[in-house]
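In listed order, ligands and their atoms are each counted from 1.
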Amino acid sequence: MEQVLELKNIHYAYHTLDGETPALIDISFSLNKGEFVAIVGPSGCGKSTLLSLIAGLLTPEKGLIKINGKYLRESTTNIGYMLQHDELFEWRTIYHNVLLGLEVQHMLSAKTKAKANELLDIYGLKGFKNSHPSELSGGMRQRAALIRTLVLEPDILLLDEPFSALDYQTRLTVGDDIGQIIRREEKSALLVTHDLSEAVSLADRVIILSGRPASIRQTIPLIFDLEQNTPLNRRNSPEFKNYFNLIWKELNCDE
Ligand code: ADP
């Protein structure tokens with residue numbers, strides 16, 4: 001299996017005037033090409049910190065991060081980041097929101113615009129190109145945000161609780177929908193979430209973190225005996241409950 005991301009013995013602590021807050025202790029794992037890995041852990045344990053380190057927004061105190069075999073600093077790999085809020089600009093149309101990343105990275109061309117149009121078409125937003133974000137549902141907005149990320153052709157997608165701002169019902173459908181788009185586009189993705197059912201319905205593997213400072217408690221591969229391995233079919237399968245309970249127990253067991 002081709003590795004797109006490798007973390008080895010990562011340690012990180014925040015330093016403030018009040019002292020030191022250790023956030024991550026000895027984190028090692030890898031992400032294979034086309035794989036979808038979910039990271040779960042209690043709120044405040046260090047999940048977003050981990051994604052910030054991979055995105056290069058923070059630098060680890062110890063340990064190494066390699067992307068496509070190169071140290072993070074030397075890597076030219078494109079990393080896409082999707083956050084809790086879709087960060088769409090109301091004063092721009094959906095089309096111009098989708099082009100924003102391309103504009104910022106000076107990648108706007110006939111070819112990349114055609115790709116943006118193709119994705120808007122495939123994922124049902126063609127008729128909303130000239131609409132503004134407030135005219136779209138929460139789910140459509142997240143699709144637009146994902147398309148804005150996908151047109152940059154990222155090798156790795158980092159998803160930081162991207163559905164948690166949505167209400168429960170919408171979260172289910174949008175989570176399943178976005179998960180399927182990521183599969184279809186064959187992206188390698190790292191999803192951080194505190195929602196266990198989201199993790200079990202979407203991922204190939206779940207990494208369970210301990211409370212802060214986070215260390216890896218366990219890694220659980222998710223195997224479903226399904227003809228069509230969609231998030232919805234997973235939710236309705238007998239394995240779903242078993243995995244959910246297993247991860248729940250592991251998260252809640254005493255240190
Ligand atoms: P999670 O994403 O799992 O909720 P975070 O990675 O956001 O957790 O935060 C981990 C811990 O680090 C938290 O306890 C938080 O208080 C602390 N922390 C986060 N950002 C900072 C910061 N800029 N300065 C100091 N402490 C921080």
Could you tell me if Glu61 and His15 have a donor-acceptor pair between their side chains, going purely by distance under 3.5 Å? yes
Minimum heavy-atom separation for Val151 and Ala116, please, with both atom names. CG1-CA, 3.5 Å
Lining ligand 1 at under 4.0 Å, by non-hydrogen atom distance, are residues Tyr14, Thr16, Pro42, Ser43, Gly44, Cys45, Gly46, Lys47, Ser48, Thr49, Arg212
Could you give me the CA-CA distance, side-chain angles and deciding distance for Tyr243 and Phe224, then say whether ring pair (Phe, Tyr, Trp, His ring centres under 6.0 Å) is met? CA-CA 10 Å; Tyr243 282 129; Phe224 287 83; 5.5 Å; yes
Please enumerate all residues that pass side-chain hydrogen bond (donor to acceptor under 3.5 Å, both in side chains) together with Asp160, with sequence neighbours excluded. Ser48
Check whether any side-chain heavy atom of Ser237 sits under 4.5 Å from a side-chain heavy atom of Leu226, and report yes or no. yes
Just say parallel, tilted or perpendicular for the rings of Tyr12 and Tyr14, cut-offs at 30° and 60°. perpendicular
